[in-house]
Enquirer: 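Right, I'll just put the structure down here and ask away after.
Heavy-atom basis, side chains included; hydrogens, waters and symmetry copies ignored.
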Amino acid sequence: MTKTLKGIAASDGIAVAPAYRLVEPDLSFTKASVDDVDQEVARFEKAVETSIHDVESVRDIAKENLGEEEAQVFEAHLLILNDPEYIGAIKQEIKDSKVNSEFALDETSQKFITIFESMTDNEYMKERAADIRDVSKRIMAHLLGKNLPNPAAIDHEVVVVAHDLTPSDTAQLNKDYVKGFVTDIGGRTAHSAIMARSLELPAVVGTDSITSDIKDGQLLVVDGLDGLAVIEPSDEEVADYKKKGEAFLKQKAEWKKLKDAPSVTKDGKHFTIAANIGTPDDMAGVLENGAEAVGLYRTEFLYMNSSELPSEDDQFEAYKKVIEGMNGKQVVIRTMDIGGDKHLPYLPLPEEMNPFLGYRAIRISLKEDQIFRTQLRALLRASAYGRLGIMFPMIGTLAELHKAKAIFNEEKEKLVKDGVKIGDDIQVGMMIEVPAAAVLADQFAKEVDFFSIGTNDLIQYTFAADRGNEHVSYLYQPYNPSLLRLIKHTIDAAHDNGIWCGMCGEAAGDSVMFPLLLAMGLDEYSMSATSILRIRSQMKKLDTKDLEGLVDKAINESLTNEDNQKLVEDLMSKLNLD
């Protein structure tokens, strides 16, 4: 029977394929005594043998789809599965205590995990604890007759269904087979949603119940344009959605013609449309979509994809690659934004009740200033290869900004003194994502070369609502008059002080938000590369004279997020642009 779930349109496009539930099974068990220990050991050995075959298969698929380096984790798993000390200890527990394999596996694995996690002075050994967790989970699944989902092993066309998708889950999705995904929770600013847009996979998030409403193999439609997931659609619905998908692909083909076109309004005013990236590998999408700049390079992925703090030289090479790749166009690189929901195994952070409100981003950089200095040196060296902007995240006070700038200037002076070549036109800016900074933007603007508004965090802090919490997802309100007032005040403060203002949050690529930002005079719009041509097309159809009075109504007459969404949609309809 057909069932339609309403969610959040996280990534444009239409997909129709069988569902693949990426949901972990219940691996709970009951301790039991056994009489025939030899038979129980044999049962355990069979589960280990099956696990070895599983991991070898996954390793081979990962090598082909992801590369040798990413597949190394599975080599580590095979070592554990063949480790006589670990496997032998479990078998000995079965024999000595005459217990079932499930209990012996769990009891022994926990002992090994505790031992490895206690080796605080040896990062390599600490990482083995995570490997043992994964291996023991796989053996346990076989003992209980359960199947573990594995995104890297998908070898036919599917729509992935999950409660949520981690960045590592999403990174393993093979676009040849995975046609889209649907989740129970999440929003447009979730990392999985951002990565879906980068991969150009249709996605719907925040459906609440997709994992419980669907079974593996049931046909599923992902409507990433309107935020719908349709389970077991009729033949007529499938035909209609395929037509809708074809129409969208035709529209994308038209947008592609704008790749080398300037970003100008109908009345000839030029603004900059830039791209957000996470790694140098994202540059292909940036160039394919005709970005006029990189407005945000999230450097934390350099740290997250490493088993230790990346060296100055490693960072330099990564920054240089992006700067050179833009051929003279500006690249704005954000300093490390670790903390909140981004953690490093080799940089222990304190347990916090509210990590998004705690020790993160610039707060870590200013306290762990050696990490910060290493990054700044790498950035300064890379500046010799093109136009660089450096911006500091999560600045909340002028004192923080002054301290960050002082460290920057100290490292710059050291490099100059050592005769190292650096760029002579580096711009130093800051993100506006803390409401306190937005309110005091007129003072901050005197201290920097540019602002970049980070709407993802600015929204969650303005409304005191965790953007990853589905229970308060209704408070993700980018068009709310209160937020628009903060944004307009920030843009006006920048212009009054002779600096430019950009936006690198997801709202910059939002088709309803865009006319409002254009009317405010925002200078740079930085977004997922796949949104660039759509927004450029929208810009070319808009005359700024037609937007006069829009912002005044939005911040002084409208009362709600919905009021402003209707305000923009009505104007676009009146201009025949809907």
Side-chain angles (χ1 to χ4, degrees), residues 197-198 255-277 282-283 285-298 322-334 383 386-391 423 425-433 441 445 448-456 487-488 490-511 513-544 547 551:
R197 289 191 286 277
S198 296
W255 291 338
K256 279 189 179 292
K257 296 176 182 177
L258 299 176
K259 174 189 170 187
D260 299 317
S263 300
V264 293
T265 60
K266 189 175 180 181
D267 52 330
K269 294 184 179 178
H270 181 268
F271 298 86
T272 300
I273 300 184
N276 298 338
I277 67 171
D282 296 337
M283 285 299 295
V286 172
L287 300 175
E288 285 171 12
N289 288 283
E292 295 168 311
V294 169
L296 169 63
Y297 178 176
R298 302 181 180 94
V322 172
I323 293 170
E324 285 186 323
M326 286 305 289
N327 297 314
K329 297 174 182 176
Q330 187 171 54
V331 175
V332 174
I333 300 180
R334 179 175 71 188
S383 71
R387 292 175 56 204
L388 173 64
I390 298 173
M391 68 176 172
D425 58 351
I426 304 171
Q427 290 197 318
V428 177
M430 61 176 278
M431 292 191 71
I432 299 287
E433 50 192 339
V448 292
D449 298 313
F450 66 92
F451 286 151
S452 187
I453 302 171
T455 51
N456 301 352
I487 291 172
K488 183 178 186 299
T490 299
I491 295 170
D492 289 345
H495 293 166
D496 289 346
N497 286 277
I499 67 171
W500 61 272
C501 183
M503 178 177 287
C504 61
E506 288 304 303
D510 184 297
S511 56
M513 188 71 153
F514 180 70
L516 290 163
L517 299 173
L518 199 61
M520 293 181 197
L522 184 76
D523 303 294
E524 182 189 83
Y525 305 75
S526 192
M527 60 197 70
S528 298
T530 52
S531 298
I532 288 171
L533 297 177
R534 172 175 55 81
I535 292 296
R536 183 170 292 155
S537 174
Q538 187 177 6
M539 182 185 287
K540 290 176 74 68
K541 297 172 185 174
L542 287 169
D543 189 316
T544 57
L547 302 179
V551 176

Enquirer: Output the distance between atom CD (Glu288) and atom OG1 (Thr530), rounded to the nearest 0.5 Å.
Expert: 11.0 Å
Enquirer: Quick one, Met527 and Ile535 - any side-chain contact, counting heavy atoms below 4.5 Å?
Expert: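 Side chain of Met527 against side chain of Ile535, heavy atoms only: contact under 4.5 Å found.
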Enquirer: Measure across Val448 and Gly429 and return the closest heavy-atom pair with its distance rounded to 0.1 Å.
Expert: CB-CA, 4.0 Å
Enquirer: Is any side-chain heavy atom of Asp492 less than 4.5 Å from a side-chain heavy atom of Thr490?
Expert: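 Heavy-atom side-chain distance check fails, nothing below 4.5 Å.
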Enquirer: Taking all atoms of both residues into account, what is the closest heavy-atom pair of Tyr297 and Val294, and its distance?
Expert: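 So the minimum-distance heavy-atom pair works out to N-CG1, 4.1 Å.
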Enquirer: Report the C-alpha separation of Ile491 and Ile453 in whole Å, then their side-chain angles, then the decisive distance to 0.1 Å, and conclude whether the side chain to side chain contact (heavy atoms under 4.5 Å, CB included) test is met.
Expert: CA-CA 9 Å; Ile491 295 170; Ile453 302 171; 4.3 Å; yes
Enquirer: Is there a donor-acceptor pair under 3.5 Å between the side chain of Arg534 and the backbone N or O of Gly509?
Expert: yes
Enquirer: Is any side-chain heavy atom of Val332 closer than 4.5 Å to one of Leu296?
Expert: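 In short, these two side chains do not touch, never coming nearer than 4.5 Å.
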Enquirer: Taking the side chain as every heavy atom from C-beta outward, state whether Met430 and Met391 have any atom pair closer than 4.5 Å.
Expert: no
Enquirer: Please examine the side chains of Met283 and Met326, heavy atoms only from C-beta on, and report whether any two atoms are closer than 4.5 Å.
Expert: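 Result yes, sub-4.5 Å side-chain heavy-atom pair found.
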Enquirer: Report the relative orientation of the aromatic rings in Phe271 and Tyr525; use parallel for angles under 30°, tilted for 30 to 60°, perpendicular for over 60°.
Expert: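 Ring orientation, 0 to 90° scale: perpendicular.
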Enquirer: Is a side-chain N or O of Ser526 found less than 3.5 angstrom from the main chain of Ala275, in a donor-acceptor match?
Expert: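 Yes; judged by distance alone, with no hydrogens or angles, the pair exists.
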Enquirer: Lys540 vs Lys266, test: side chain to side chain contact (heavy atoms under 4.5 Å, CB included). Steps then yes/no.
Expert: CA-CA 5 Å; Lys540 290 176 74 68; Lys266 189 175 180 181; over 6 Å; no
Enquirer: Do any N or O atoms from the side chain of Asp449 and from the backbone of Val428 form a donor-acceptor pair under 3.5 angstrom?
Expert: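 Checking the backbone N and O of Val428 against the side chain of Asp449, a donor-acceptor pair under 3.5 Å is found.
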Enquirer: Given Ser263, which partner from the list Lys269, His270, Glu292 fulfils the side-chain hydrogen bond (donor to acceptor under 3.5 Å, both in side chains) test?
Expert: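 Running side-chain hydrogen bond (donor to acceptor under 3.5 Å, both in side chains) over Lys269, His270, Glu292 with Ser263 returns exactly one hit, Glu292.
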Enquirer: One pair to check against side chain to side chain contact (heavy atoms under 4.5 Å, CB included): Leu518 and Leu547. What are the steps and the verdict?
Expert: CA-CA 8 Å; Leu518 199 61; Leu547 302 179; 3.9 Å; yes
Enquirer: Under the side chain to side chain donor-acceptor pair (under 3.5 Å) rule, collect the residues that match up with Asp523, sequence neighbours excluded.
Expert: His495
Enquirer: Taking all non-hydrogen atoms of both residues, which atom of Ile532 and which atom of Ala291 are closest, and how far apart?
Expert: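 In this case the closest contact between Ile532 and Ala291 is CD1-CB, 3.5 Å.
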Enquirer: Supply the atom-to-atom distance Ile390 CD1 to Ser383 OG, rounded to the nearest 0.5 angstrom.
Expert: 7.0 Å
Enquirer: With a 4.5 Å heavy-atom cut-off, do Val331 and Arg387 have their side chains touching?
Expert: no
Enquirer: Looking at side-chain heavy atoms only, is the closest gap between Lys259 and Asn289 below 4.5 Å?
Expert: no
Enquirer: Without swapping roles, check the side chain of Arg536 against the backbone of Gly290 for a donor-acceptor pair under 3.5 Å.
Expert: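 Indeed, once roles are kept as given, a pair shorter than 3.5 Å links the two residues.
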Enquirer: When you measure from the side chain of Thr272 to the backbone of Glu524, do you find a donor-acceptor pair of N or O atoms at a distance under 3.5 Å?
Expert: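 No; zero donor-acceptor contacts below 3.5 Å.
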Enquirer: Can you see which heavy atom on Cys501 is nearest to which on Ala494, and at what distance?
Expert: CB-CB, 3.8 Å
Enquirer: Would you check, one step at a time, whether the test side chain to side chain contact (heavy atoms under 4.5 Å, CB included) holds for Leu522 with Met503?
Expert: CA-CA 8 Å; Leu522 184 76; Met503 178 177 287; 3.7 Å; yes
Enquirer: Heavy atoms only: give me the nearest Gly295-Cys504 pair and the separation to one decimal.
Expert: O-CB, 4.3 Å
Enquirer: Tell me if a side-chain donor or acceptor on Asn276 pairs with a main-chain N or O of Ala529 at a distance below 3.5 Å.
Expert: no
Enquirer: Is there a side-chain contact between Val322 and Ile333 (heavy atoms, below 4.5 Å)?
Expert: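 In short, these two side chains do not touch, never coming nearer than 4.5 Å.
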Enquirer: Among Ile273, Thr544, Leu258, find the one that has a side chain to side chain contact (heavy atoms under 4.5 Å, CB included) with Met539.
Expert: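 Answer after filtering Ile273, Thr544, Leu258: Ile273.
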